[in-house]
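These numbers come from a predicted model, not from an experiment.
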Amino acid sequence: MDMFRKKTTTKLLQWIIGLALFVLFSGIAYGKEPPVVIAARGDDPLTEKQTYLQLIQAEQAWNTVKANASLVIAIVDTGVDLNHPDLQPNLVPGVNLLNSKKLPQDDNGHGTNVAGVLAAVGNNDKGITGIMWSAQIMPVKALEADGSGGEAKLAEGIRYAVDHGAKIVVLSLGINKYSALMSETVKYAEEQDVLLVAATGNEGNSVKYPAAYSTVLAVGGMTADGTADKRSNKGLEIDLVAPWDVFTTALGGDYEYKDGTSMAAPQVAAVAALAWSQHPGLKAYQIRQLLRQTAEDLGESGWDASTGYGLLRADRAVTEAPLVDMYEPNNRKDQAKSISISKMVTASFTGGSDLDWFYVDAPYDGTAELMFELQAGQQITVQHTDAAGTFTSVAADPGTPIQLKVSKGRSYVLLQLANRNVKTEVSYRLTTSFTIYRDQFEDNDRQFKAYVLPSQSLSITGTFHQEDDQDWFEFPVEQSGSLRIELSTDTARIDPVLFVQKQGEKAYTVDDNEDGVSETLQLPKIFPGSYYIRVNNVKEYSFPVNGEYTLTIHYDALHMDPNEPNGRSYQATTVSLGTPYYGLVDKAEDLDWYQFVLTEESLVQVDVTDIPDGTSMYLTMYDGTVKLLYSTSGAEALQIAQQLPVGTYYVKLNANVPFDRSFYKFVVDGKPIVGGFTDIRGHWAQDAVLALTQKQIVNGYDNFTFRPDQTITRAEATAILGRAFKLTQAQTISYTDVRTAHWAYTWIARAASKGIVNGYPDQTFAPDQPVSRMEMTSMIARSMNLTGEPRGTVPFTDVDDSYWGSGILKQMKAGGWISGYDNGAYRPDQQATRAEFVTMLTKIMP
């Protein structure tokens with residue numbers, strides 16, 4: 001007791017002296033630079049080994065808050081060392097779910113490691129300092145002594161914690177399997193306003209469950225140099241990263257170095273608890289968003305699949321005010337903010353005119369599902385442009401999911417309240433999810449529906465897009481030989497199983513390896529007949545998976561050319577456009593002739609692929625009189641793309657060395673050309689495109705496409721108007737994003753001199769930003785020197801007199817230059833397409 005008083009008195013004197021010095025130097029520095037903030041630090045002797053505390057700025061956070069003793073944090077793990085002197089004061093009663101008669105004593109060490117990072121007692125002159133100096137930690141033992149466990153105990157552990165007062169649950173564990181039970185458990189925790197924090201995993205693969213669920217805060221690991229550790233699992237669901245390496249409590253009252261995302265997760269949970277003490281009125285989803293908001297961005301700007309929103313920052317989390325919308329400003333496409341395609345986030349509209357631009361990076365083709373939660377009576381307009389340029393517009397009601405087809409790559413989403421007259425701020429929650437595409441071999445879920453593969457070595461990619469999906473293939477063997485089949489996957493959420501059986505003979509099932517690891521079957525002797533191959537995930541993993549498998553078949557056989565005899569032009573094999581043909585050059589003097597017929601002018605592409613290693617092939621094209629047109633040669637692949645008139649054509653193939661162990665693939669494809677384009681035939685805007693093309697006002701792309709349904713950009717629209725109205729006089733422009741070398745610089749300068757276009761207040765022009773239907777109408781009207789008609793009734797149901805472009809719409813409608821949709825709407829804020837622009841322009845051209 002006397003030692004305690006002496007130590008307390010000494011600390012008090014030190015504090016008073018420090019405070020006096022702070023006041024003194026603060027007075028000297030008044031009006032100049034603010035004083036340096038000295039980080040808080042306890043007297044725990046091993047703190048110097050806790051270098052991760054500096055990386056997340058924990059000591060700076062302790063100047064504001066060190067504890068949250070009113071909030072219970074559960075650790076669902078192997079238990080905790082209940083007698084550890086650096087943990088015992090911060091522990092509250094828990095449970096042993098493996099043996100209800102025993103206490104949740106740790107018999108592995110992992111849970112004790114987690115507990116030390118989270119809340120080893122601070123400033124007690126013992127060992128280390130937890131991120132929380134004082135806390136209420138509930139140990140829930142759900143894992144065995146070897147660290148293993150099942151989803152049932154994990155779910156039971158989470159529910160126990162929620163039902164017994166935990167506000168945060170730390171889950172430094174994970175499995176590759178999606179589970180309906182776990183999904184419902186996670187949903188239950190969210191409904192009870194309990195924050196779940198989980199590790200992403202340490203295999204350098206996909207994010208594990210439960211971290212992968214949309215309402216779980218998923219934590220990856222970061223190295224000391226500020227990059228994601230290569231072993232840290234990454235993907236669509238990651239939220240934050242925290243330091244990978246820690247020094248923490250160990251069994252038997254000891255301490256040790258540990259690493260992994262298991263050690264990163266409790267860092268995030270502790271900071272969440274500190275932040276909650278500063279903002280006790282926040283909900284769990286708001287705490288999640290606050291930690292995202294205050295993270296230190298790493299690598300690519302904004303959210304990314306390696307580091308999420310960035311590095312956990314304890315100091316910012318406890319000092320910065322929570323933002324209703326952390327993504328602002330994002331009113332323009334070039335300000336679009338990155339979000340995950342598989343998480344819940346929160347944002348807001350400041351009113352009916354506010355635009356929220358986001359982008360998502362889809363790892364595959366598939367379907368993105370969006371669900372909004374916002375006040376009743378409101379509706380959100382969603383405009384989506386995927387990576388392939390496909391545009392979709394749909395209205396979303398609260399609580400009702402909408403589905404958008406997405407292509408692999410970057411998709412942009414524009415959100416706005418359907419009611420443009422709303423004047424108050426409207427916050428919303430957006431939950432995104434992603435489902436992978438249905439592969440091209442479906443429907444092949446039964447043996448009698450098996451997809452027939454060509455009898456050659458090949459590699460195909462498939463998916464498990466639906467529950468209990470299994471894919472059957474038939475591989476016809478025409479010549480005796482050997483077969484090697486390999487089944488691999490790009491995600492640990494697939495534990496591939498390979499089944500192979502020749503019709504009427506012994507079956508082989510291969511499942512030797514763990515999740516995400518390839519399976520291989522070698523058949524050294526095979527004979528003619530049909531071999532059936534089944535690919536599936538292990539039966540325990542029955543749900544759809546966002547990942548691909550690759551089935552590779554190596555077939556070594558003596559082949560026969562199915563197209564022979566075709567060694568002369570008069571013996572040429574007649575091919576159908578778009579259909580693959582397979583052949584051999586099995587003798588040095590062998591020539592393979594093919595013939596195709598065009599009934600209309602077309603863009604023709606001839607491809608020869610699958611050329612064997614070490615072989616060069618020669619491709620020669622002739623017209624119907626066998627007059628030489630084009631020739632090329634090379635290894636690996638050959639290609640000729642030409643615009644050809646109606647007629648008959650020949651292609652001759654030969655090689656520098658013969659081959660008979662694998663086929664080459666030969667394909668001729670032709671796309672009819674209309675007005676120089678392959679993609680406007682039959683399109684509703686075909687006549688307008690042809691009319692303006694003939695006048696050299698519009699043009700297409702290098703690949704003979706016009707892309708009529710692609711959104712038109714500000715630069716493209718300006719250039720078209722410049723050519724249409726023969727603008728020649730230019731003014732000096734100084735937009736920061738349009739340099740003199742920009743392809744549209746001259747047209748923008750000319751259009752600006754006529755007042756047809758202008759830039760933004762931030763001195764940008766945003767040349768690549770899509771043009772809305774109202775902007776399109778206004779630009780064309782200004783080109784005609786029309787200023788708008790203030791009188792009269794607005795001719796469209798979704799525009800009123802307060803709208804900035806109502807006068808232009810009245811005048812253009814009265815002149816017969818524009819029309820709306822069948823329901824009387826004009827949709828002024830919808831992005832305009834190239835087809836819409838040229839059609840409107842055609843109406844005003846003489």
Side-chain angles (χ1 to χ4, degrees), residues 3-4 41-53 58 67 69 72-149 153-154 157 160-161 166 169-174 199 202 221 242-267 269-270 273:
M3 290 179 63
F4 175 78
R41 180 177 292 185
D43 60 4
D44 303 282
L46 300 179
T47 305
E48 295 299 326
K49 297 178 180 289
Q50 296 179 268
T51 55
Y52 62 95
L53 296 176
V72 176
I73 305 174
I75 300 175
V76 179
D77 212 291
T78 59
V80 173
D81 185 348
L82 304 178
N83 299 312
H84 200 296
D86 220 1
L87 295 175
Q88 193 176 51
N90 282 343
L91 298 178
V92 298
V95 67
N96 186 330
L97 297 177
L98 305 182
N99 188 337
S100 60
K101 296 180 180 180
K102 293 184 178 181
L103 295 174
Q105 175 64 36
D106 192 357
D107 50 9
N108 173 276
H110 189 267
T112 301
N113 299 147
V114 172
V117 174
L118 183 67
V121 178
N123 204 38
N124 65 344
D125 200 23
K126 291 187 182 73
I128 63 169
T129 304
I131 296 173
M132 299 181 69
W133 290 19
S134 177
Q136 295 189 65
I137 304 303
M138 175 193 293
V140 178
K141 181 169 177 57
L143 302 182
E144 302 283 354
D146 62 358
S148 64
K153 287 299 178 185
L154 176 56
Y160 177 92
V169 181
V170 184
L171 303 160
S172 288
L173 41 78
N202 309 326
W244 177 269
D245 295 294
V246 303
F247 185 75
T248 185
T249 50
L251 287 178
D254 207 349
Y255 302 87
E256 62 184 342
Y257 286 101
K258 298 298 288 186
D259 60 30
T261 58
S262 289
M263 301 301 111
Q267 298 175 53

* To do: Taking all heavy atoms of P85 and all of K126, pick out the closest pair and write down the distance.
  => CB-CD, 4.1 Å
* Structure fact -> Sorted by chain and number, sequence neighbours left out, ring-ring contact (aromatic ring centres under 6.0 Å, His included) with Y52 holds for none
* Structure fact -> Here the gap from M138 atom CE to Y160 atom OH, rounded to the nearest 0.5 Å, amounts to 6.0 Å
* State whether the side chain of Q88 and the backbone N or O of N83 hold a donor-acceptor pair below 3.5 Å, judged by distance alone. => no
* Pairwise side-chain contact, L87 with I137, heavy-atom cut-off 4.5 Å (strictly under) -> no
* Asked: Strictly by modelled atom types, are Q105 and N96 linked by a side-chain donor-acceptor pair under 3.5 Å?
  -> no
* Asked: Does a side-chain heavy-atom distance below 4.5 Å link L143 with N108?
  -> no
* To do: Please report the shortest heavy-atom distance between S172 and A199, naming the atom on each side.
  => CA-CB, 4.1 Å
* Which atom of W133 lies closest to which atom of N90, heavy atoms considered -> O-ND2, 3.3 Å
* Asked: How far apart are the closest heavy atoms of L118 and P266, and which atoms are they?
  -> CD1-O, 3.4 Å
* Structure fact -> Hits for salt bridge (Lys or Arg N to Asp or Glu O under 4.0 Å) against D107, two or more places apart or cross-chain, chain-then-number order -> K141
* Atom OG1 of T249 and atom CG of D86: how far apart are they, to the nearest 0.5 Å? -> 7.0 Å
* **Donor-acceptor contact below 3.5 Å, side chain K153 vs main chain L98** => no
* **Approximate separation, where rounding is to 0.5 Å, of L251 CG and T78 OG1** => 7.5 Å
* Is P104 close to V80 at the side-chain level, that is, under 4.5 Å between some pair of heavy atoms? -> no
* Rounded distance (nearest 0.5 Å) linking atom CG of L171 with atom CG of D77 -> 8.5 Å
* **N123 side chain reached by T129 side chain, heavy atoms, under 4.5 Å** => no
* Asked: Relative to each other, are the rings of H84 and Y255 parallel, tilted or perpendicular (30° and 60° limits)?
  -> perpendicular
* Asked: What distance do T47 atom OG1 and L53 atom CG have between them, rounded to the nearest 0.5 Å?
  -> 7.5 Å
* Going by atom types only, do T248 and N113 share a side-chain donor-acceptor pair under 3.5 Å? -> no
* Structure fact -> Residues D125 and D44: closest non-hydrogen pair is N-OD1, 3.7 Å
* What's the spacing between M263 CE and H110 NE2 if we round to 0.5 Å? -> 4.0 Å
* Of all heavy-atom pairs between V246 and Q267, which one has the smallest distance, and what is that distance? -> CG1-NE2, 3.6 Å
